[in-house]
Amino acid sequence: SKRIIQQGVERLQELSRAFRLVCKLEAQALVPQMKPVTAEDLASEVIAPFKDQLAEKKLTLNVTGFTDEVILNTNKPLAQLTLRSLIENAIQASKEGDSLVVKCLHSDGHTAFQVIDHGEGIPKEQLAQLFRPFVRVGPVTTFNREGIGLSLFLDRLIMHSLGGEVEIMSKFEQGTVATLTFATETA
């Protein structure tokens with residue numbers, strides 16, 4: 001139908017943008033412009049558009065710790081892209097009726113955003129390969145709405161360009177904790 005074609009076109013456009021960004025980051029041709037942004041501002045703009053997807057799967061979302069007192073010196077669009085990616089992954093991994101947590105933790109010189117799901121989890125033997133291109137949990141044999149295994153690869157490139165890190169901890173059949181860690185500049 002027309003809707004399915006439109007979704008396919010949008011996905012291809014998104015994939016094209018991702019490939020261009022990967023090329024720029026790998027060639028170090030993109031130097032992110034860093035500016036102060038509050039954790040609350042960064043996260044609220046990312047989380048709000050997921051309302052319909054969450055309702056569709058009857059997922060509850062608990063958002064904690066994001067305040068205007070936590071200020072990051074980062075590139076807001078790139079940081080938002082990585083947070084959005086982790087939330088999308090958590091929604092895809094979650095079963096109907098599950099709960100998700102998105103929280104901000106702040107301590108000595110670091111701020112972390114965590115996305116926690118209680119979905120299927122990732123087998124231990126697959127964890128080490130998640131940040132390689134075209135790797136995802138299960139086989140990458142088709143191009144579908146679940147992606148083709150580029151998001152975490154791109155997330156890691158972006159976070160490294162921002163001076164941060166992305167980490168995935170998971171227990172099979174128990175869920176996953178995805179963490180973005182940003183260095184906080186001190187005076």
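These numbers come from the heavy atoms of this one structure, side chains and all, not from hydrogens, waters or symmetry mates. We're numbering straight along the sequence, starting at 1.
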Looking at residues at least two apart in the chain, or sitting in another chain, which of them share a side-chain hydrogen bond (donor to acceptor under 3.5 Å, both in side chains) with [X]?
X      : result
Asp155 : Ser85
Gln80  : Glu45
Ser170 : Thr176
Thr82  : none

With Phe113, which residues qualify under ring-ring contact (aromatic ring centres under 6.0 Å, His included), at least two apart?
Phe66, Phe182

Charged N-O contact under 4.0 Å between Lys58 and Glu96
yes

Between Lys76 and Asp41, does any side-chain N to carboxylate O distance fall below 4.0 Å?
yes

Determine whether [X] and [Y] fall in the same hydrophobic cluster, where Ile, Leu, Val, Met, Phe, Trp and Tyr are linked whenever their side-chain heavy atoms lie under 4.5 Å apart.
X      : Y      : value
Leu105 : Val101 : no
Ile116 : Val63  : no
Val166 : Leu81  : yes
Ile168 : Ile91  : yes
Phe50  : Leu61  : yes

Of all the heavy-atom pairs spanning [X] and [Y], show the shortest one and how long it is.
X      : Y      : answer
Leu59  : Ser94  : CD2-CB, 3.8 Å
Gly119 : Asp117 : N-OD1, 2.8 Å
His110 : Thr181 : CD2-CG2, 3.8 Å
Asn73  : Pro36  : OD1-N, 3.6 Å

Could you tell me whether the side chains of Gln174 and His118 share a donor-acceptor contact shorter than 3.5 Å?
no

Between Thr111 and His106, does any side-chain donor sit less than 3.5 Å from a side-chain acceptor?
yes

Decide if atom CD of Gln33 counts as having more than 12 heavy atoms of other residues, nucleotides or ligands within a radius under 6.0 Å.
no

Greater than 12 external heavy atoms within 6.0 Å of Lys57's NZ:
yes

So how far is it from [X] [atom1] to [Y] [atom2], rounded to the nearest 0.5 Å?
X      : Y      : atom1 : atom2 : value
Met159 : Leu152 : CE    : CG    : 12.5 Å
Leu42  : Leu180 : CG    : CG    : 9.5 Å
Gln92  : Ile87  : CD    : CD1   : 12.5 Å
Phe172 : Glu125 : CZ    : CD    : 8.5 Å
Gln114 : Thr179 : CD    : OG1   : 4.0 Å
Leu154 : Ile158 : CG    : CD1   : 4.0 Å

Could you pull out all residues at least two apart from Ser44 that satisfy side-chain contact (heavy atoms from CB on, under 4.5 Å)?
none

Sub-4.5 Å side-chain heavy-atom contact between Glu173 and Glu120:
no

Pair Asn62-Val102, side-chain contact (heavy atoms from CB on, under 4.5 Å): steps then yes or no:
CA-CA 6 Å; Asn62 182 12; Val102 179; over 6 Å; no

Between Thr60 and Leu100, is the side-chain contact (heavy atoms from CB on, under 4.5 Å) condition met? List the steps.
CA-CA 6 Å; Thr60 58; Leu100 301 174; over 6 Å; no

